[in-house]
Colleague: 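Please read through the structure below; I'll follow up with questions.
The analysis underlying the following values was restricted to heavy atoms, covering all of them including side chains, and did not include hydrogens, waters or symmetry mates. Naming convention: chains lettered A, B, ... in sequence-line order (proteins, then strands); numbering from 1 in each chain.
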Amino acid sequence: MLKLYNTFSKNVENFDPISKDGFVRIYSCGMTVQDTPHIGHIRALITVDILRRVLKLSEYSLFSVYNFTDIDDKLITKMGESHIDYRIISQRNIDEFFEVFNNLNILPFDVYPRATGHIEEIIELISKLLEKGFAYKSGDDIYFSVSKFKEYGKLSGKRLDDLIEGKRVEVNQNKENPLDFVLWKGARDNEPYWYSPFGKGRPGWHIECSAMSMKYLGESFDIHAGGKDLIFPHHENEIAQSECATGKPFAKYWIHNGMVNLKGEKMSKSLGNVFKAKELLKLYGPNVLRFFLYKTHYRKDIEFSKERVEEAKTAFKRLVPYISENFEEDNIEVDIYKDFKNALEDDLNTPEALGIIFETVNMINKKEKEENLLKNTLCRMYKDLGFIFVKKEKDDLTEQLVEVLLKIRESMKKEKNYQMADLIREELKKRKIVINDLKDGVTWKIED
RNA sequence: GGCGGUAUAGCCAAGUGGUAAGGCGACGGUCUGCAAAACCGUUAUUCUCCGGUUCAAAUCCGGAUGCCGCCUCCA
């Protein structure tokens with residue numbers, strides 16, 4: 001039985017999809033594409049990825065959506081600064097997103113909708129909210145009236161009174177209530193705009209997610225996922241808009257992943273680059289990054305540091321020798337696999353699942369059970385978690401040259417010319433070729 | 001100020017009533033010309049603190065304290 005923590009109830013709940021057709025409908029709150037993806041986006045992506053992988057293990061079929069918010073204030077600011085059209089900026093970032101996405105081996109989504117491709121749906125939704133009296137026009141803008149929705153705050157646990165008393169609520173003369181949020185922004189000078197019954201303008205933040213999720217998944221759907229920083233106001237506002245427009249409950253389960261924070265170190269230029277998804281992938285590769293994130297439960301915050309990732313890299317290396325694409329998927333140690341699956345079905349407990357994997361590795365080393373069975377089990381678990389099977393191709397010429405050098409080195413060792421033998425070892429190591437002198441011969445491998 | 005989360009070894013991190021998974025590091029060992037790698041072993045009488053419930057608590061209840069996030073754009 002799959003259990004998931006639901007932000008809505010603040011409890012781990014048994015997962016019970018709305019529709020009994022075997023399909024689980026998932027909306028993953030994607031990027032606002034004003035910038036390139038960073039480690040935080042990777043974490044959100046890996047979270048919704050393991051969620052979907054576990055749903056599949058639990059034999060559900062999926063229909064999943066990942067959106068791009070490709071028009072917003074920051075994008076417009078960037079356009080002003082760079083004099084590059086916002087569509088070019090957002091497209092570049094989306095391209096990089098997909099590069100990262102493919103590299104990470106994320107399960108494909110069924111649809112990748114963009115806000116600017118759904119202006120009609122957005123306008124329809126706003127019109128409906130105006131008709132029903134949940135929204136009002138003020139100046140050139142349309143606002144959602146928070147006080148009209150009695151249940152406002154039910155996701156984040158915030159109360160309207162507390163929010164109003166807080167100091168951080170922005171003052172805006174156009175709003176009836178300072179907490180009201182904009183659904184449609186009237187066009188200012190030099191800003192992109194679309195035509196609508198309420199004048200030239202563009203959608204506000206929040207409304208695009210309601211419009212797109214309901215278009216592809218229906219008015220009520222199973223899972224809405226995203227970073228926990230989105231709980232308020234983004235997801236709270238999505239619920240308000242959607243439920244006021246349809247009169248039906250919006251998403252049933254709200255899954256939120258923890259943040260990736262930078263501690264101690266300032267977001268310096270160099271670190272800032274390392275923080276970028278593409279840069280991290282170049283440095284560590286998809287498996288190590290995935291492993292690094294799996295080491296901590298998805299709901300817990302992570303303090304990011306290179307040391308932690310290096311540590312993950314060292315640990316991950318212990319698995320690699322046992323991993324092969326060609327394994328018998330059904331010839332496995334059932335008890336171990338059952339524990340593994342149970343761990344994942346218990347609110348995606350990847351740290352525990354990794355623990356089981358290492359226990360299996362230790363069993364192989366101690367020859368506690370039939371090796372082949374354990375290796376198959378290991379490969380199966382490895383595959384379930386979405387790791388990539390990597391084939392290290394040694395190219396022909398390199399192979400021959402290294403063999404020649406090793407022969408020379410062997411004869412030097414026989415002559416007790418250890419100085420030269422060690423020199424060869426060092427020089428090869430500089431070129432990422434690592435020699436292991438074992439009892440019965442020499443092996444070598446190319447390091448990542 | 002409000003809301004939410006969290007506190008487990010040197011570090012990272014699972015564990016929601018039955019006596020502390022796993023990883024990194026460190027130390028010891030096997031192997032070795034030496035090293036590295038690999039493997040084996042050791043590494044928390046104790047879970048922030050103070051009370052309480054219970055035969056039994058890291059786990060439940062009450063209180064205190066620290067840290068983090070959100071409340072403004074954010075995955």
Colleague: Taking atom types as they are modelled, is there a donor-acceptor pair under 3.5 Å from the base of C71(B) to the side chain of Lys158(A)?
Modeller: no
Colleague: Contact class for Arg43(A) vs. all strands (heavy atom < 4.0 Å): base, sugar-phosphate, or nothing?
Modeller: nothing
Colleague: Quick one: label Asp72(A) by what it contacts on the DNA or RNA (base, sugar-phosphate, nothing), any heavy atom closer than 4.0 Å.
Modeller: nothing
Colleague: Looking at the base of G22(B), is there any donor atom on it, or on the side chain of Glu359(A), that sits under 3.5 Å from an acceptor on the other one?
Modeller: no
Colleague: Residues two or more places apart in sequence or in another chain: which of them pass side chain to side chain contact (heavy atoms under 4.5 Å, CB included) with Asn342(A)?
Modeller: Lys338(A), Glu345(A)
Colleague: Tell me, what's RNA chain B's dot-bracket, Watson-Crick or G-U with both distances under 3.5 Å, | for other-strand, [ ] crossing?
Modeller: ((((((((.[[[..)..(...]]]((((((.......))))))....[[[[[..)....]]]]])))))))....
Colleague: Would you please confirm or rule out a distance under 4.0 Å between OP1 or OP2 of C73(B) and any side-chain N or O of Thr32(A)?
Modeller: no
Colleague: Test Tyr27(A) against Ser64(A) for side-chain contact (heavy atoms from CB on, under 4.5 Å), laying out the working first.
Modeller: CA-CA 6 Å; Tyr27(A) 187 83; Ser64(A) 53; over 6 Å; no
Colleague: At under 4.0 Å between heavy atoms, which parts of nucleotides 33-38 of chain B does protein reach? Answer with one letter per nucleotide, 5' to 3': B base, S sugar-phosphate only, - none.
Modeller: BBBBB-
Colleague: Report the nucleotide, chosen from C24(B), C70(B), G4(B), that has the shortest atom-to-atom distance to any side-chain atom of Lys10(A).
Modeller: G4(B)
Colleague: Look at the side chain of Lys228(A) and decide which nucleotide, out of A75(B), G69(B), C12(B), has an atom nearest to it.
Modeller: G69(B)
Colleague: Describe the nucleic acid contact of His297(A) in one word from base, sugar-phosphate, nothing, applying a heavy-atom distance below 4.0 Å.
Modeller: sugar-phosphate
